[in-house]
Amino acid sequence: MFPSTSPEAGRESWPAEPSTGPVAAATRAPRTGPATTDGDRRERGGPRRARRTGEPARKSEDEVDEPEEEVVPPVEVHRQLALTIAGFAALLGVGLVLGVQTSGPGHRLPFAVIIFGVQLLFVLAWTMAMRPPALLVVAGISAGVAALADVAAVQSDIAGLAPLGYLAVGGFVAAVLGQLVRRVDRVRVTDSLGATLLIVVGVVAFGTLIVLSRIPAGTQAITVCLTASGVALTVARLTDAVLPWPRLAPQVPRGAAGVVAGAMVGTLTSALLGSYLVAPFTPTRAAVIGLVAAVTAVLADLAVGYAEAGRLMAGEPPTMWVARHMQGPLGGFALAAPAAYAMCMLFL
């Protein structure tokens with residue numbers, strides 16, 4: 001059986017196009033683009049088919065140019081070292097707390113001597129760890145500023161921070177000028193301004209404890225804040241020796257558990273002290289000022305670890321072993337001292 005109508009019925013008739021000859025060339029539309037090949041037509045038609053093995057015939061540009069992510073192995077946590085630093089932080093806190101108990105009206109010299117000894121340790125540790133240009137000049141000027149700050153804190157008529165502020169500015173300017181004397185050190189002065197400022201301001205910050213001891217209820221505030229700071233630093237390092245987890249950074253051998261536990265235990269200790277002290281102290285007020293001091297000390301200690309890791313990653317040679325590991329607790333107490341002064345002025 002054949003269909004009743006032809007398959008060509010109902011379609012418009014098109015003139016047959018000649019395939020060859022001059023007539024065919026005249027009737028064809030001219031092509032303006034470049035000549036294409038069969039390979040080009042296949043590429044324009046869409047993506048190429050995958051090979052039989054399942055892999056694409058051609059990788060994309062993102063897969064070719066994207067570098068592989070480098071995995072940085074975490075730094076090993078030395079338990080003995082963490083325990084040693086914890087012991088040093090505990091001894092330093094006990095020494096400062098016992099020293100402030102020797103302070104009284106008209107009898108500030110023993111406490112000033114203890115503070116000056118801690119300031120010398122701070123200068124030694126921080127100059128050897130950060131190694132600014134003209135190291136001996138910066139260390140000598142910082143020690144001189146520390147002595148003058150202690151004398152000003154003891155002998156000034158009004159207990160205030162203004163003399164210490166003037167000494168900090170003068171010491172920083174003198175240290176920078178001492179670095180500009182030699183041409184070798186002059187090149188690095190701009191890069192070391194922050195290190196010089198930290199060293200000078202750190203030694204002056206310890207002098208605020210002497211000023212605070214001359215204020216009513218200042219001795220008790222120092223006891224609460226320094227006890228909270230010492231306990232926080234000790235507990236944080238002990239926790240790092242046992243459970244340094246979770247790691248805050250692969251290059252820093254510290255854990256978040258130690259930081260949090262240290263701040264919490266330090267705050268609890270200050271609240272317990274506040275329950276035994278006389279007015280104006282209460283457990284709540286002691287907990288507040290202890291919390292600020294503990295968190296400040298722990299974060300300063302942690303920042304020192306990050307700074308040390310940054311120097312090692314930058315290719316700088318490691319400095320004296322003892323100085324590097326004394327730097328954290330000393331920096332924590334140096335920053336907790338002005339925090340204790342500020343909290344005493346605000347809450348007491």
Side-chain angles (χ1 to χ4, degrees), residues 85-86 88-101 103 111 114-115 118-119 121-122 153 159 161 164 198 201-239 254 256 258-278 280-305 326-348:
I85 299 175
F88 173 72
L91 290 176
L92 186 60
V94 170
L96 290 174
V97 172
L98 293 180
V100 74
Q101 302 302 321
S103 179
F111 185 47
I114 295 174
I115 292 297
V118 176
Q119 288 170 326
L121 283 177
F122 182 89
L161 299 182
L164 302 185
L198 286 176
V201 172
V203 296
V204 175
F206 280 105
T208 58
L209 295 175
I210 303 176
V211 177
L212 184 58
S213 66
R214 299 177 56 184
I215 298 174
T219 301
Q220 296 177 347
I222 293 174
T223 301
V224 172
C225 291
L226 293 187
T227 301
S229 301
V231 170
L233 291 172
T234 304
V235 171
R237 292 291 185 169
L238 290 177
T239 307
R254 299 295 304 273
V259 176
V260 176
M264 293 176 63
V265 176
T267 305
L268 177 61
T269 305
S270 62
L272 292 176
L273 283 177
S275 62
Y276 291 101
L277 297 177
V278 298
F281 275 92
T282 61
T284 302
R285 290 183 176 180
V288 171
I289 65 176
L291 172 64
V292 174
V295 171
T296 302
V298 170
L299 291 182
D301 186 19
L302 182 63
V304 169
M326 290 171 55
Q327 189 184 6
L330 287 170
F333 281 106
L335 196 58
Y341 183 89
M343 296 304 296
C344 183
M345 294 292 102
L346 292 175
F347 285 90
L348 301 178

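Note that this is a predicted model, so its numbers are computed, not measured.
- Heavy-atom minimum distance, T296 versus A336: CG2-N, 4.2 Å.
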T223/Q101 under side chain to side chain contact (heavy atoms under 4.5 Å, CB included): CA gap, chis, key distance, verdict: CA-CA 8 Å; T223 301; Q101 302 302 321; 2.8 Å; yes

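- Taken to the nearest 0.5 Å, the OG1 atom of T219 stands 7.5 Å off from the CG atom of L212.
- In plain terms, the two heavy atoms of A153 and G207 that are nearest each other are CB-O, 3.9 Å.
- Separation of atoms CD1 (I85) and OG1 (T234) is listed at 11.5 Å; rounding is to 0.5 Å.
- When every heavy atom of A294 is checked against every heavy atom of S229, the shortest pair comes out as N-OG, 4.1 Å.
- A 4.5 Å side-chain heavy-atom check between M345 and I215 finds at least one atom pair inside the cut-off.
- Panel note: side chain R285, backbone G274; no donor-acceptor pair is recorded below 3.5 Å.
- Two residues are said to be in side-chain contact when any heavy atoms from C-beta on lie closer than 4.5 Å; R254 and D301 meet this criterion.
- In this structure, the side chain of S213 engages the main chain of I210 through a donor-acceptor pair within 3.5 Å.
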Side chain to side chain contact (heavy atoms under 4.5 Å, CB included) assessment of V278 paired with Q220: CA-CA 9 Å; V278 298; Q220 296 177 347; 3.4 Å; yes

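- With rounding to the nearest 0.5 Å, the separation of CG in L273 from CD1 in I289 is 10.0 Å.
- For the atom pair F347 CZ and T284 OG1, the distance stands at 11.0 Å (nearest 0.5 Å).
- Summarising the geometry of V204 relative to L164, their closest heavy-atom pair is CG1-O, 3.5 Å, with the distance given to 0.1 Å.
- Minimum heavy-atom separation, F281 to V224: CE2-CG2, 3.9 Å.
- Of the inter-residue distances, the one linking L330 atom CG with L233 atom CG reads 10.0 Å to the nearest 0.5 angstrom.
- Of all non-hydrogen atoms in S270 and A287, the two that sit nearest each other are OG-CA, 3.6 Å.
- Of the candidates F111, Y341, F333, F111 is the only one forming a side-chain contact (heavy atoms from CB on, under 4.5 Å) with L209.
- From L291, atom CG reaches atom CE of M264 across 10.5 Å, with rounding to the nearest 0.5 Å.
- Side chain of S103 to main chain of V100: no donor-acceptor pair is present (N/O by atom type, distance under 3.5 Å, no hydrogens or angles).
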